[in-house]
Chemist: 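This structure is in structure tokens; I'll ask about it shortly.
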Amino acid sequence: MAPGRLRFDIDAAARDTLTDRGMGELFGHGTGHGLGLEVHEDPRIARRRPDVDTGDEAVAAGMVFTIEPGAYLPGWGGVRIEDDVLVTETGGDVLTDVTTDLIEV
């Protein structure tokens, strides 16, 4: 995440990470979305839909997004880890401060 990065490239980076770990086919939703006055707002951080997406907007400093990749096993379930990220002048600042360690109860 950095100013000037294209939203479809951000999505591709998340997908590539899961694909490299053998989970690309298990990631079936968008990577994230803008946060502002509404919970889910544009721009979407997702795969390009050729029939709908005519532009590939770049993110800019001051924008806040969710980044929430996930992997789901058919018939079992899965996991999605959601972080809120502020785009800064030099990159991204993760605003979420929650452990992602597995905690068995």
Side-chain angles (χ1 to χ4, degrees):
M1 182 72 68
R5 293 286 311 265
L6 301 175
R7 64 190 180 105
F8 297 129
D9 290 345
I10 296 167
D11 178 79
R15 289 181 193 286
D16 290 348
T17 298
L18 286 176
T19 297
D20 291 347
R21 289 162 175 80
M23 295 182 282
E25 296 296 318
L26 304 175
F27 182 13
H29 56 82
T31 296
H33 54 80
L35 287 174
L37 296 176
E38 300 293 327
V39 174
H40 295 93
E41 53 180 58
D42 288 332
R44 293 178 319 103
I45 307 295
R47 283 186 264 204
R48 180 187 297 275
R49 299 169 299 169
D51 56 328
V52 176
D53 298 313
T54 57
D56 188 4
E57 302 88 2
V59 301
M63 291 180 159
V64 178
F65 293 93
T66 66
I67 298 296
E68 47 185 293
Y72 298 87
L73 299 169
W76 184 80
V79 65
R80 182 185 306 203
I81 297 174
E82 179 172 334
D83 286 309
D84 297 339
V85 179
L86 168 65
V87 182
T88 67
E89 293 293 335
T90 57
D93 185 14
V94 178
L95 303 175
T96 311
D97 186 22
V98 177
T99 184
T100 57
D101 294 336
L102 177 62
I103 300 171
E104 293 188 48
V105 181

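Numbers here are sequence positions counted from 1. Because the structure is a prediction, the values reported are computed rather than measured.
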Chemist: Nearest 0.5 Å, what's the CZ-CZ distance between Arg44 and Arg49?
Modeler: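 So the gap between those two atoms works out to 3.5 Å.
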Chemist: Consider only side-chain heavy atoms of I, L, V, M, F, W and Y, link residues closer than 4.5 Å, and tell whether Val85 and Leu35 are in one cluster.
Modeler: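 No: no chain of side-chain contacts under 4.5 Å links Val85 to Leu35.
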Chemist: Would a 4.5 Å heavy-atom cut-off, applied to side chains only, mark Met1 and Val59 as touching?
Modeler: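 Sidechains of Val59 and Met1: in contact.
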Chemist: Output a table of donor-acceptor pairs, distance under 3.5 Å, between side-chain atoms of residues 16-26 and any protein atom two or more places apart or on a different chain; print 'none' if there are none.
Modeler:
residue, atom, partner, partner atom, Å
Thr17, OG1, Ala13, O, 3.0
Thr19, OG1, Arg15, O, 2.8
Arg21, NH1, Thr17, O, 3.1

Chemist: Hey, what do you get for CZ (Arg48) to CG (Asp56), rounding to the nearest 0.5 Å?
Modeler: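 It is 5.0 Å, given to the nearest 0.5 Å.
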Chemist: Can you confirm whether Ile67 sits close enough to Val94 that some side-chain heavy atom of one is under 4.5 Å from a side-chain heavy atom of the other?
Modeler: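 The answer is no, as the side chains (C-beta and beyond) never meet within the 4.5 Å cut-off.
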Chemist: Shortest non-hydrogen contact from Ala2 to Val87?
Modeler: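 Answer, listing the atom of Ala2 first, then Val87: C-CG1, 4.0 Å.
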Chemist: Parallel under 30°, tilted from 30 to 60°, perpendicular over 60°: which one fits the rings of His29 and Tyr72?
Modeler: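 Answer is perpendicular, since the angle exceeds 60°.
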Chemist: Please report the interatomic distance CD(Glu82) to NE2(His33), rounded to the nearest 0.5 Å.
Modeler: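 Reported value, rounded in 0.5 Å steps: 5.5 Å.
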Chemist: Any side-chain to backbone donor/acceptor pair from Asp83 onto Leu95? Under 3.5 Å, distance only.
Modeler: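 No, because the side chain of Asp83 does not come within donor-acceptor range (under 3.5 Å) of the backbone of Leu95.
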Chemist: Take Phe8 and Asp53, measure what side-chain contact (heavy atoms from CB on, under 4.5 Å) needs, and give me the verdict at the end.
Modeler: CA-CA 10 Å; Phe8 297 129; Asp53 298 313; 3.6 Å; yes
Chemist: Say you draw a straight line from OG1 of Thr66 to CD1 of Ile81; how long is it, rounded to the nearest 0.5 Å?
Modeler: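 So the gap between those two atoms works out to 13.5 Å.
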Chemist: With side chains defined as the heavy atoms from C-beta onward, is the minimum distance between Asp42 and Glu57 less than 4.5 Å?
Modeler: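 Answer no - side chains too far apart.
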Chemist: Look only at the side chain of Thr31 and the backbone of Pro69, and say whether a donor-acceptor pair between them is shorter than 3.5 Å.
Modeler: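 No.
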Chemist: Can you give the donor-acceptor pairs under 3.5 Å from side chains of residues 98-105 to other protein atoms, not counting sequence neighbours?
Modeler:
residue, atom, partner, partner atom, Å
Thr99, OG1, Asp101, N, 3.0
Thr99, OG1, Asp101, OD2, 3.2

Chemist: Would a distance-only check, ignoring hydrogens and angles, find a side-chain to backbone donor-acceptor pair under 3.5 Å from Asp11 to Arg47?
Modeler: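 At least one qualifying donor-acceptor pair exists.
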Chemist: Would you list the pairs meeting salt bridge (Lys or Arg N to Asp or Glu O under 4.0 Å) in which at least one residue belongs to residues 66-76, sequence neighbours left out?
Modeler: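 As it turns out, the salt bridge (Lys or Arg N to Asp or Glu O under 4.0 Å) pairs with a partner in residues 66-76, which skip direct neighbours, are Glu68-Arg80.
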